[in-house]
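A quick write-up on the structure given underneath.
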Amino acid sequence: MPVTGKIADTRPVIDAALVRSLVDRQFPQWADLPLGLLDPAGSDHVIYRLGDELSVRLPRHDGAVGQARKEYQWLPRLAPHVPLAIPVPVAVGEPASGYPWPWAVSRWLDGEVATVEMLADSSQAAVELAEFLTALQQFAPGSVAAQDAGTDLTARPLADRDSATRAAIEKAGGAFDAVAMTELWGAALNAPGWAGPPVWFHGDLHTGNLLTVNGRLSAVIDFGELGIGDPACDLTIAFTLMSARSRDAFRTALGVDDAAWLRGRGWALATGLNAYIAYAAVNPRVAAQTTRQITEALIG
């Protein structure tokens, strides 16, 4: 059963009046465009549609405050090199009107959030995601100057999650097989590491960050965890979205070896448990998604 508990909410209040004030004062060229709240949005941002062609994204908490400037710097460079649409930031707003953090204006991307019901059995979608990740990994990481590859792009090793993941296994042991989770986690930590040069990864690839149009994958969004290093973290999508058959197609198309696959299962377990512990008790949608992710990661 979901872990009980309540998250202390110290986030700023973000409403239409605040967003209107921020946009009108900092970007008067868009002052006449209507605002509409996108609901539900993600756990990291409040999103408003601005007119027909733009969106406004404001971090909900301090863990997401670097995303606006990161995406503004990197996504316009990346967009021409990947086969699915990605957000194109057009402006970064500054803290004002009592709102404490940078915020972003981006081009609007049409589409519906991908669902397991829609795409789990689609080998075509799985291969398209593999092609996207291949293109992302080939996006000239060597051209990034050392001063550009700051801490916001530095990959965190899976081992950094060890203490938190073991604690989460203990907390969630009543809902899942604690022995199996502990065995998988130990195996993932002991798997051979990434032997190639550092490559780009999305870092938060799950169903909520995929858009579809007419039942087909159309876009990948939310690059707040974009970084350079071991791309195994992006294998999480295989356990969030795919069935066993489409997962095989994904793995084959991406050319993933056993060690990387095991590390990917570890990432799926760790991130799934983190979200489950934090949100399952208060958000049934997250509870269902993370339960599937953890269960599929244990299956492999």
Side-chain angles (χ1 to χ4, degrees), residues 5-76 79 85-115 152 202-204 206-214 218-226 275 278-290:
K6 186 175 182 179
I7 302 168
D9 194 348
T10 59
R11 301 175 297 183
V13 175
I14 304 171
D15 56 21
L18 171 67
V19 179
R20 185 82 271 170
S21 173
L22 291 169
V23 170
D24 291 359
R25 293 184 181 186
Q26 297 187 38
F27 303 110
Q29 68 271 33
W30 298 321
D32 293 333
L33 298 179
L35 279 170
L37 177 65
L38 181 66
D39 187 38
S43 59
D44 291 338
H45 292 84
V46 175
I47 303 174
Y48 278 79
R49 187 166 185 174
L50 180 61
D52 293 331
E53 299 181 355
L54 299 171
S55 65
V56 182
R57 302 176 76 244
L58 300 98
R60 295 180 185 268
H61 56 78
D62 58 8
V65 299
Q67 182 166 342
R69 292 199 171 104
K70 177 194 278 189
E71 291 192 344
Y72 188 78
Q73 180 179 10
W74 292 109
L75 296 195
I86 65 175
V88 178
V90 296
V92 175
E94 299 298 329
S97 302
Y99 181 74
W101 303 311
W103 48 282
V105 182
S106 299
R107 295 293 177 192
W108 178 261
L109 287 173
D110 284 323
E112 299 179 356
V113 173
T115 64
D152 64 335
H202 179 280
D204 193 21
H206 58 76
T207 53
N209 289 335
L210 301 175
L211 299 182
T212 65
V213 172
N214 296 326
S218 60
V220 179
I221 61 174
D222 199 346
F223 284 75
E225 299 299 322
L226 178 70
Y279 297 108
V282 296
N283 190 320
R285 177 177 59 86
V286 173
Q289 290 173 341
T290 53

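Computation of the quantities below employed the complete heavy-atom set of this structure, encompassing side-chain atoms and omitting hydrogens, waters and symmetry-equivalent molecules.
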Closest contact, heavy atoms only, Asp15 versus Leu18: OD1-N, 2.9 Å
Nearest heavy-atom neighbours spanning Pro59 and Val65: CG-CA, 4.3 Å
Considering all heavy atoms, the nearest Val92-Phe27 contact: O-CZ, 3.7 Å
Atom pair CD/OG of Gln26 and Ser97 - distance to nearest 0.5 Å: 7.5 Å
Heavy-atom check, side chain of Arg49 versus side chain of Leu54, under 4.5 Å: no
Any donor-acceptor N/O pair, Glu225 side chain to His202 backbone, under 3.5 Å: no
Heavy-atom pair with the smallest gap, counting every atom of Asp222 and Pro87: N-CG, 4.3 Å
Residue pair Asn209 / Asp204, side-chain heavy-atom distance below 4.5 Å: yes
From Leu22 atom CG to Leu58 atom CG, the distance as rounded to the nearest 0.5 Å: 6.5 Å
Leu50 side chain near Val23 side chain, heavy-atom distance below 4.5 Å: yes
Lys/Arg-Asp/Glu bridge criterion (N-O < 4.0 Å) met for Arg107, Glu71: no
Straight-line distance of Ile14 CD1 to Arg60 CZ, nearest 0.5 Å: 7.0 Å
Validation row: Val46, Leu37 side chains within 4.5 angstrom (heavy atoms): yes
Side-chain donor/acceptor of Lys70 to backbone N/O of Gly224, under 3.5 Å: yes
Non-hydrogen side-chain atoms of Leu210 and Val220 separated by less than 4.5 Å: yes
Atom of His45, atom of Ala64 and distance for their closest heavy-atom approach: CE1-CB, 4.0 Å
More than 12 heavy atoms from other groups under 6.0 Å of CD on Glu53: no
Heavy-atom donor-acceptor pair, Ser218 side chain to Leu211 backbone, under 3.5 Å: yes
Geometric cation-pi criterion, Arg57 with Trp103: 6.0 Å, 45°: no
Check: Ala16 main-chain N/O paired with Tyr48 side-chain donor or acceptor under 3.5 Å: yes
Taking every non-hydrogen atom, the tightest pair across Pro95 and Pro102: CG-N, 4.0 Å
Backbone N/O of Ala31 and side chain of Arg20: donor-acceptor pair under 3.5 Å: yes
Donor-acceptor pair, side chain of Thr290 and main chain of Val286, under 3.5 angstrom: yes
Geometric class of the Tyr99/Trp101 ring pair [parallel <30°, tilted 30-60°, perpendicular >60°]: perpendicular
No-hydrogen, no-angle side-chain donor-acceptor test under 3.5 Å, Trp108 and Asp110: yes
